[in-house]
Amino acid sequence: KRRAALVQAKLYEKMTQQELILAINEFLLQAENLYWHWVMQYRILKIQKEVLSRNQDRFEFTKKQYEFGEKPAIDTTEIYSQMIFFEMQINESSLDFQNLSLEIKQYLWLDNLVPYDFSNVLIPRDTLNLKDSIDYNFFYDALLNSSESFAALTYYKRKGELLEAERKAKFQDILPKLDFEYQIYNRRLNEMPFLPVFHSNFQYGLKFEYPLFARAASNQLKITKLKMVQNQLDYRIKENELQVKVNTLKNDLDNLIVQIQSMQTNISNYKKLLKAEENRLEFGESSFFLINSRETKLYEALEKLVKLQTKYRQNYNKFKWLYESLNK
């Protein structure tokens, strides 16, 4: 039992190390993905402000044309409605950005566990450029070739060894006991020919015990064996879960690359359509309603692109931190 307790203590330490690796990697994944979500919200806010600025310039220009009698009043109303729409979007996005900035603060610390307190508004320095994260096949190959080295799987291996040590200890409780007794007497006894075991001041004895009612110990042993079977099932389930996760991430990233490329092509086309509509307006062949419609489509495409790039970044990070969970 003492030997089993020592083995279990060592295994508990190793299991704790695996749990620590998983906990740290999960924490870093949350922090990094929150950062990219913060970058996404800043990019969307910046796009909205750029669109609003163009609408404000257009509104002032159309207002002057109306004052000179060149444009009807309904045109200024059309542009003004678009301005109000984007102002509302900016207010909502600004609130989201401020709240995310406060969440980011939870991960910023100075020395001696002092929280980082910033009075000025923080803005991200990075953009959503994906060039440095485009090669995720390295992680994919490494994860497939080293699937048994996941910290999560190593945890179940250690747990299996722990339960094996517990099984051996529980097994001792149902075994019979054979004790050998040996005793020395201080004074010399009279020799007894009919009891030679008492010669030379020694006494020997054997004691044999067998539990007649060993149900409790036997049941504990059965419970430990069931725990071992359950741990083996948990290992297989976790192994399959990780394999599915790796392949799902690979498929998601492959699909996201295609979507991002398609959205970039769409954005280029929307810009051309908006420019063409503005040119037609100069010749009186279009209207501000069509201009606003084209501009809204362009804005929605730009926002969608930012969200797709963010999703790509976050899935890439999941790949990266899964790789860091390998026992290399």
Is the closest basic N to carboxylate O distance between [X] and [Y] below 4.0 Å?
X      : Y      : result
Glu164 : Arg167 : yes
Glu161 : Arg158 : yes
Glu32  : Lys320 : yes
Glu50  : Lys46  : no
Arg58  : Glu295 : yes
Glu277 : Arg280 : yes

* Asked: If you draw a 6.0 Å radius around CZ in Phe171, do more than 12 non-hydrogen atoms from other residues or ligands fall strictly inside?
  -> no

* Does a sphere of radius 6.0 Å around OH in Tyr80 hold more than 12 heavy atoms from other residues, nucleotides or ligands, not counting ones at 6.0 Å or beyond? -> no

* Asked: What distance separates Leu162 CG from Tyr155 OH, expressed to the nearest 0.5 Å?
  -> 9.0 Å

* What distance do Gln48 atom CD and Met88 atom CE have between them, rounded to the nearest 0.5 Å? -> 11.5 Å

* **Those residues that, when tested against Lys250, pass side chain to side chain donor-acceptor pair (under 3.5 Å) (two or more places apart)** => Asp254

* To do: May I ask you to check whether Tyr323 and Phe138 place their ring centers less than 6.0 Å from one another?
  => yes

Check: [Y] main-chain N/O paired with [X] side-chain donor or acceptor under 3.5 Å:
X      : Y      : answer
Asn231 : Tyr156 : yes
Asn251 : Asn247 : yes
Gln314 : Asn33  : yes
Ser53  : Lys49  : no

* To do: Over 60° means perpendicular and under 30° means parallel, so classify the ring planes of Tyr35 and Trp38, tilted if in between.
  => tilted

Only distances under 3.5 Å count here; give the side-chain donor-acceptor pairs of residues 256-266 to other protein atoms, sequence neighbours excluded, each with its distance to 0.1 Å.
{"from": "Ser262", "atom 1": "OG", "to": "Val258", "atom 2": "O", "distance (Å)": "3.0"}
{"from": "Thr265", "atom 1": "OG1", "to": "Gln261", "atom 2": "O", "distance (Å)": "3.1"}

